[in-house]
S.K.: 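Before I ask anything, here is the structure I am working with.
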Amino acid sequence: MDGAIWQSSNEGYTWKQPFPDQRFLAFYHHKYSHDRAFLISETENFYYTTDTGRSWNKQRAPNPPNSFGAQVLRFHPNSDYLIWTGNKDCSGSPQNCHAEAHYSRDNGRRWYMVDKYVRNCAFTKDRDLNADPSEILCESFPQKKGSQ
């Protein structure tokens with residue numbers, strides 16, 4: 001896989017690369033909002049659409065996407081709420097390399113720390129589960145030091 005993203009707006013008759021100079025690790029379609037999608041790059045930069053791909057906007061995450069196998073983005077029925085799980089202290093000498101989770105209530109414009117050394121974080125609120133809409137549940141390591 002070369003990390004390229006191709007897009008068609010006419011059911012596959014023609015294709016274009018919205019970002020030919022970028023390499024992407026993942027594509028996420030918003031679980032609760034059919035018009036939103038996210039392109040995850042190797043860096044803190046990601047791209048999102050709120051209009052089914054007619055336009056893409058660049059946004060900055062708090063850190064690069066995680067390399068620990070955790071889902072990078074988690075979604076909430078309120079479409080602007082996101083959780084980002086990314087790498088922290090993993091470049092150079094990765095003695096303290098770990099995953100951190102951050103949440104946003106404005107589609108990634110501002111991020112707030114949830115926890116460090118996480119394996120998985122998710123919103124408890126779902127369409128089928130009537131839970132506190134602001135609650136986030138995380139699985140994390142008890143000792144918050146060293147390399148994850």
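Computation of the quantities below employed the complete heavy-atom set of this structure, encompassing side-chain atoms and omitting hydrogens, waters and symmetry-equivalent molecules. We count residues from 1, following the sequence as given.
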S.K.: Under 4.5 Å between side-chain heavy atoms, chaining through other members, with only Ile, Leu, Val, Met, Phe, Trp and Tyr counted: pull out the rest of the cluster around M113, sorted by chain and number.
M.R.: none

S.K.: Could you tell me if the side chain of Y28 sits less than 4.5 Å from the side chain of I40, heavy atoms only?
M.R.: yes

S.K.: When rounded to the nearest 0.5 angstrom, what distance separates CZ in F46 from CD in Q22?
M.R.: 13.0 Å

S.K.: Do V72 and L25 pass the side chain to side chain contact (heavy atoms under 4.5 Å, CB included) test, and can you show the C-alpha distance, the side-chain angles, and the key distance before you say yes or no?
M.R.: CA-CA 10 Å; V72 176; L25 301 177; over 6 Å; no

S.K.: Under 4.5 Å side-chain heavy-atom separation, chaining through any Ile, Leu, Val, Met, Phe, Trp or Tyr, what else clusters with W15? Say none if it is isolated.
M.R.: W6

S.K.: CG/L82 to OH/Y103 distance, rounded to the nearest 0.5 angstrom?
M.R.: 12.5 Å

S.K.: Contact between S41 and F24 at the side-chain level, heavy atoms closer than 4.5 Å - yes or no?
M.R.: yes

S.K.: Would you mind reporting whether K58 and F19 have side-chain heavy atoms less than 4.5 Å apart?
M.R.: no

S.K.: Does any non-hydrogen side-chain atom of T49 lie less than 4.5 Å from one of R54?
M.R.: no

S.K.: Could you grab the distance from atom OH of Y13 to atom CD of E11, nearest 0.5 Å is fine?
M.R.: 6.5 Å

S.K.: Using the test salt bridge (Lys or Arg N to Asp or Glu O under 4.0 Å), find all partners of K31 that sit at least two apart in sequence or belong to another chain.
M.R.: D126

S.K.: Between N96 and Y117, what is the shortest heavy-atom contact and its length?
M.R.: O-OH, 3.8 Å

S.K.: Which atom names give the shortest non-hydrogen contact between A61 and W111, and what distance separates them?
M.R.: CA-NE1, 3.7 Å

S.K.: Answer yes or no: is there a side-chain heavy-atom contact under 4.5 Å between N120 and R74?
M.R.: yes

S.K.: Taking only residues at least two apart or on different chains, which pairs with a member in residues 111-148 satisfy disulfide (SG to SG under 2.5 Å)?
M.R.: C121-C138

S.K.: Which residue, F75, W56, Y47, F27, forms the ring-ring contact (aromatic ring centres under 6.0 Å, His included) with F38?
M.R.: F75

S.K.: Got a sec, which residues hit side chain to side chain contact (heavy atoms under 4.5 Å, CB included) with S33, two or more places apart in sequence or on another chain?
M.R.: H30, D35, R36, S79

S.K.: List the residues meeting ring pair (Phe, Tyr, Trp, His ring centres under 6.0 Å) with Y48, not counting sequence neighbours, and say none if there are none.
M.R.: none

